[in-house]
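Below is one structure; the comments refer to it alone.
So you know, we letter chains A, B, ... as the sequences are listed, proteins then strands, and number each from 1.
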Amino acid sequence: MPEFRLYNSMTRSVEPFAPADGETVRMYACGPTVYNPAHLGNFRTFLFADLMRRSLKLAGFKVRQVMNLTDVDDKIIKRATEQKKTVREVTEPVIGMFIADRDYLRIEPAEHYPRATDFIVEMVDLVRRLEMKGIAYQADDKSVYFAIDRFPGYGRLSRLDTRELKTGARVAQDDYAKENAQDFALWKSATPDDEACGAAWDSPWGRGRPGWHLECSAMAMSLLGETIDIHTGGVDLQFPHHEDEIAQSEAATGKPFARFWCHGEFLLTDGAKMAKRVGNVSTVEDLRSQQVSAAAVRHLMFSTHYRKQLNLSGAALEASMEAVRRVGDFAGRLAAAPGGTPALATVAETFRAEFDDALRDDLNAPRAQAALFVFINHVNAELDKRGSDVAGLAAAREAFARADAVLNIVPEREGVDASLEPWVEQQMLARKAARGRRDFAAADQIRKALEEKGIVVEDTAEGARWKKVR
RNA sequence: GGCGCCGUAGCCAAGUGGUAAGGCAGGAGACUGCAAAUCUCUCAUUCGUCGGUUCGAUUCCGACCGGCGCCUCCA
């Protein structure tokens, strides 16, 4: 069996991957900051993590995944202050929306969804460890900072040593309290606003709240151990977020924080990064209201490799909707087929090998999906022969099922309103009768009436059936 | 300015030092009372441009053009 290979941002190369303990992959995925609903760009990254965990499982590994919910940060506090709410009141409903969107997109839940505010003790402890080692210091503004010049490895992930700062940029006047402009906050001293909205905790350095980077380090190490196998996130998190996580964690433990750093590329709209400040975001809710199925979204997101930018467009979405329609029809046909041909066993085996190879090769989902369509084509051709071989059919079903356990791109078969269903069935019977007496004018009229309700009638060898389309 | 990624048919998109997967759309045919679905055939002598290395490059190197991102909160 070919090895599992992943691109590691730290080494900038594709490397063989296996969990450190040989069995369970400890994976940490940077999650959402819950101050308003995540957009599709965020979800591209979460879908990337979903692809990762499902591919790892397909390869035979167990997975223990943590995805954090950042429920204290500047934006949340700002919102809470504006709305005169507590941070909890701001984040609670947004977390609910996140879960709903996650489920809609069929993202397999991680094992843990820790909230930053539930790990204050662990965070304070981490800062204390850093302080004892002389790497963290409390500045005049009472905040505690990480001294990057006391951590020799700082900047390895983003190759800071090879960079020059943008000329004339960022003089950091507001951060005069820090010893070094690039030092980052571990613990921020509380402001009156922080206190007002419940975003302040006691600590050895006074009332305050955790810095963003600290949350991930503390939660990852608490739940997964001091060295985790895989850490994922969007490319924009590489610097400074992940760089700072590495610094804090490794300075405290003296051990490597993550063995593999994996970053997903951006989702673009109109040729620009999808971001709230650009004003080009769309949400899962937007898609739902446009009748775009989760299957279609997944197909689209998996049709481009995760390390390549993907431009979201109406045309691309429509292509995916149609592609997934085909997958759905195939799934129905495969399930209902009375028999197949012996050749299906070979078709299934070929598919299985190519599909697995593709995913093992740095999660090449586009290639995996291509293999699926080749498989569908071959199986359809075999089923057209109307054979009665059950072993071949079973092999095809099995191969399809395990592939879809990763992709999950079979669209939900849409039903009609319960009140409409008896009418539909009645029309189908009437049409059958009309066709029986070769009254095709009447039969076509019924077809047309059904079509107006968005129902397509298909005549097959096993009789007529109907399906709902948009 | 520094660091990095990308540029493959109408659109989306894999891929390899030896001559281009797959999806959508399109064309022709089969099947069908008509459809739908499905199947078959077809759809890039060519992979941004110009050079170089090579027996041979889309794939390696260089330059250029174009697009995107990071360097600041950010999936």
Side-chain angles (χ1 to χ4, degrees), chain A residues 9 12 29-33 38-49 73-75 78 158-170 172 182 212 232-241 263-268 271-278 299-300 302-305 307-327 329-330 332-333 354 358 361 364-385 435 438-441 443-444 447-448 451 456-461 464-467 469:
Chain A
S9 302
R12 296 198 185 181
C30 275
T33 297
H39 60 251
L40 288 172
N42 300 314
F43 274 107
R44 183 187 185 196
T45 301
F46 304 150
L47 243 7
F48 152 55
D73 95 314
D74 294 357
K75 284 180 211 158
K78 186 165 172 254
S158 47
R159 315 288 147 110
L160 281 185
D161 52 337
T162 64
R163 297 193 193 181
E164 283 175 26
L165 282 179
K166 195 173 180 175
T167 45
R170 190 156 68 85
Q182 285 195 73
W212 175 40
T232 70
V235 275
D236 51 346
L237 260 34
Q238 209 162 325
F239 183 86
H241 187 52
H263 295 96
E265 255 297 349
F266 286 133
L267 179 69
L268 312 181
K273 168 183 176 176
M274 181 180 282
K276 281 157 199 151
R277 68 163 170 206
V278 182
H299 173 91
L300 178 66
F302 295 156
S303 66
T304 300
H305 187 87
R307 281 194 286 117
K308 221 176 140 181
Q309 295 175 343
L310 189 169
N311 194 239
L312 182 72
S313 70
L317 221 35
E318 276 170 36
S320 285
M321 288 167 79
E322 186 55 26
V324 127
R325 193 274 312 150
R326 184 156 190 250
V327 176
D329 280 358
F330 171 75
R333 183 183 191 192
E354 171 54 22
D361 180 16
N364 196 328
R367 221 178 93 203
Q369 278 189 337
L372 207 218
F373 281 94
V374 170
F375 171 73
I376 289 175
N377 176 246
H378 288 166
V379 174
N380 271 326
E382 291 304 314
L383 291 180
D384 277 355
K385 294 175 184 167
R435 292 184 78 218
R438 302 189 66 79
D439 182 355
F440 296 122
D444 287 349
R447 182 200 290 284
K448 217 173 162 198
E451 250 165 36
V456 170
V457 178
E458 297 181 350
D459 292 317
T460 73
R465 61 169 184 238
W466 58 272
K467 68 176 179 186
V469 294

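- Distance noted for atom P between B:G33 and B:G27: 24 Å (whole Å).
- For the pair A:K308 and B:A14, the criterion of a side-chain N or O lying under 4.0 Å from OP1 or OP2 is met.
- Straight-line distance between the P atoms of B:G67 and B:U72: roughly 24 Å, to the nearest whole Å.
- One cannot find a donor-acceptor pair under 3.5 Å joining the base of B:A75 and the side-chain atoms of A:R44.
- Within 4.0 Å (heavy atoms only), A:A371 reaches no atom of the nucleic acid at all.
- B:A9 and B:C55: their P atoms are spaced 30 Å apart (whole Å).
- Here A:V374 lies in heavy-atom contact (under 4.0 Å) with sugar-phosphate atoms only.
- Residue A:R326 has a polar side-chain atom (N or O) positioned under 4.0 Å from OP1 or OP2 of B:C39.
- Here B:G4 presents its P atom at 19 Å from CG of A:D236, a figure rounded to the nearest Å.
- With hydrogens and angles ignored, no donor-acceptor pair closer than 3.5 Å exists between the side chain of A:R307 and the base of B:C5.
- Using a 4.0 Å heavy-atom distance criterion, A:D444 is classed as a base contact.
- Atom CG in A:L383 sits roughly 17 Å away from atom P in B:A37 (whole-Å rounding).
- For the P atoms, the distance linking B:G23 with B:A13 amounts to 16 Å, nearest Å.
- We find that CG of A:D459 is positioned 14 Å from C1' of B:U38, with the value rounded to whole Å.
- When heavy atoms are screened at a 4.0 angstrom cut-off, A:R333 is found touching the sugar-phosphate backbone but no base atom.
- For B:C61 and B:C68, the P atoms lie 25 Å apart once the distance is rounded to whole Å.
- Rounded to a whole angstrom, the distance from the P atom of B:U42 to that of B:A21 is 12 Å.
- OP1 or OP2 of B:A13 lies within a sub-4.0 Å distance of a side-chain N or O belonging to A:T304.
- For A:R447, the side-chain atoms get nearest to B:G33 when compared with the rest of B:G33, B:C24, B:C12.
- Residue contacts shown for A:R12 are limited to sugar-phosphate atoms, with no base heavy atom under 4.0 Å away.
- Close to B:A35, at under 4.0 Å from its OP1 or OP2, lies no side-chain N or O of A:K448.
- Residue A:R325 places none of its side-chain N or O atoms closer than 4.0 Å to OP1 or OP2 of B:C24.
- A:N364 has no side-chain polar atom (N or O) that falls below the 4.0 Å cut-off from OP1 or OP2 of B:A14.
- For the pair A:N377 and B:C39, the criterion of a side-chain N or O lying under 4.0 Å from OP1 or OP2 is met.
- For the P atoms, the distance from B:C12 to B:C65 is 24 Å, rounded to whole Å.
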Which atom pairs, donor and acceptor, lie under 3.5 Å between side-chain atoms of residues 371-381 of chain A and protein residues at least two apart or in another chain?
{"from": "A:N380", "atom 1": "OD1", "to": "A:R333", "atom 2": "NH1", "distance (Å)": "2.8"}
{"from": "A:N380", "atom 1": "ND2", "to": "A:I376", "atom 2": "O", "distance (Å)": "3.3"}

